[in-house]
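Take a look at the structure below.
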Amino acid sequence: MAVKLPIYMDYHATTPVDPRVLEAMLPYFAQNFGNAASRNHAFGWTAEEAVENARAQIASLVGASPKEIIFTSGATESNNLAIKGVAEMYREKGNHIITQVTEHKAVLDTCKRLEKAGCEVTYLPVEKDGRISLDDLRRAITPKTILISIMYANNEIGVVQPIVEIGKIAKEKGIFFHVDGVQAVGKIPVDVQKDNIDLLSISAHKLYGPKGVGALYVRRRNPRVQLAAIIDGGGHERGMRSGTLNVTGIVGFGKACELCQQEMAAESERLRRLRDRLKDNFFGKLDEIFINGSMEHRLPHNLNISFAYVEGESLLMGINDVAVSSGSACTSATLEPSYVLKALGVGEDLAHTSIRFGLGRFTTQEEVDYVADRVIETVVRLRELSPLYEMAKEGVDISKMQWSASAASEH
Amino acid sequence: MAYSDKVVDHYNNPRNVGSLDKNDPNVGTGLVGAPECGDVMKLQMKVNPQTQVIEEAKFKTFGCGSAIASSSLATEWVKGKTVEEALAIKNTEIVKELSLPPVKIHCSVLAEDAIKAALNDWKKKQASAAEQPAAAAQQ
């Protein structure tokens, strides 16, 4: 069967809106356009009802109660609100935050800003497999620690952190636990009760909902978490997030969560099988390739591989009808290779050769096989072009060579 | 990022890929860049010692499409030129020919460095070859 090109295999970046989600949203553009905050007419009531229905769908997916869901513009805002909101609200109690080095920039840069404002932040390192050490975490806790912020699963390498264990430690010590759940919610079971999560950031567009809408779960009891708002205005969302609700987006978000809850078990199993098929294809036909991060503690739809001696951007150019992303410096805005891979101890030379494959709901086996063939054929071709591959085959230890870092290569 | 047609052409049909015998006294080898920086170019040229004309040029490159294209173009340009002419090639000419965007200018600089490194290696070999027979004659 011929596959339809181009192929999208970058589901960690974003996902298409599921047609069923789109269908649920359509009446809320022109027909049911009311403001959910309009308390005294039917237009407002219809919108409010739709919002409350979505709130319940989202809460149900993560084991929360609907009142604990605060709508935002997306997970970047949720992360900002959770971290800045706790830092400000509880500054009398302490000023120390613990996070870790492979977090998303929405967490890292928020923490950096707070450092300038007088907070102290500990950035835990990760082990080679991409997970933090619980001993490191315990040692980092001080009487001044008010928040631990650790992502559920990483966006580049798909590595899942030991969330249950971290949650236990946080609870024991009476420290709030914020989790950036963007990559995990809807894909693997996330339960705020079992995981002892106090704050959880969720994004709609990563789980087949629309862009521009997200949520922050804020625990209401055992313990109750209070947040200082970062957006002032009409006092929507229990005063934590002012601004007219994006009703259409929220309806889509809710529907998307409902579908994830219904289909997660079967979908994750199907994607795990396809992901493993892709991986086995690579390992069967290519030498000198390396998986980045733990294979055991990983999202079922993620694969991140370094194809040694083949620079990532040139590989992407060779598979231009396939949408994936690379940890190569050349593909990033900063011209630095992936900080996540660096944190794992992956050498910069290998970081430049990494490719992230993100499978999703609409990925087919035909697509997986096509992508595998294209990647393998391109890697083989580019290795024929690679002086490093030639040297490696001649037995030269590239890591021990003296490289003439000319002015040109110091970018 | 969109690549220029010429970059795509060199990427899809790289000219003069391969290696020359690095122990040949008439072959100069230039290896520039570093794996950590994401670019390594190996450029080799075989020079006729009588005429100083570059008769063969081969390259292998680890790097992005623009780096591959820059080195592929360099091998095309140096072939048939004298050593002096090849040393006069400027990276800006490569930038112009391939329409490289500002973030890819370093690829052209690397290609210019590779030409110079290869020809310096050749010159060194020529100088030591000129000394050695003399040393051998003294024994």
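Below, each value reflects all heavy atoms present in this structure, side chains not excepted, and no hydrogens, waters or symmetry copies. Proteins come first, then strands; the chains are lettered A, B, ... in the order of their sequence lines, and each starts at number 1.
Between B:N12 and A:R381, the shortest heavy-atom distance links the atoms O-NH1, 3.9 Å. Nearest heavy atom pair, residue A:S314 against residue B:G65, reads CB-N, 4.0 Å. Residue A:E313 comes nearest to B:K104 through the heavy atom pair OE1-NZ, 2.7 Å, listed as atom of the first residue, atom of the second, then distance. Minimum heavy-atom separation, B:P35 to A:I398: CG-CG2, 3.8 Å.
Applying the 6.0 Å contact sphere to NZ of A:K279 captures more than 12 heavy atoms from other residues, nucleotides or ligands. Within 6.0 Å of CG in B:N13 there are more than 12 heavy atoms belonging to other residues, nucleotides or ligands. Counting heavy atoms of neighbouring residues, nucleotides and ligands inside a 6.0 Å radius, atom NZ of B:K90 exceeds 12 of them. A:K342 NZ: 12 or fewer foreign heavy atoms inside a 6.0 Å radius. By the 6.0 Å contact criterion, NZ on A:K211 is enclosed, its count of non-hydrogen atoms from other residues, nucleotides or ligands being greater than 12.
Residues A:E384 and B:P14 form no side-chain contact, since every pair of their non-hydrogen atoms from C-beta on lies 4.5 Å or further apart. In this structure, the side chains of B:K42 and A:E390 come closer than 4.5 Å at one or more pairs of heavy atoms. A heavy-atom distance below 4.5 Å is not found between the side chains of A:M317 and B:I68. Within the 4.5 Å cutoff, the side chain of A:L382 has no heavy atoms near those of the B:F62 side chain.
The contact between A:L385 and chain B is made by backbone and side chain atoms together, counting heavy-atom distances below 4.5 Å. Contact of B:V40 with chain A is made through backbone and side chain together, with heavy-atom distances under 4.5 Å. Only the side chain of A:T353 has a heavy atom closer than 4.5 Å to any heavy atom of chain B.
Judged by distance alone, the side chain of A:E311 and the main-chain N or O of B:C64 form a donor-acceptor pair under 3.5 Å. With B:Y11 contributing its side chain and A:G318 its backbone, the two residues share a donor-acceptor pair below 3.5 Å.
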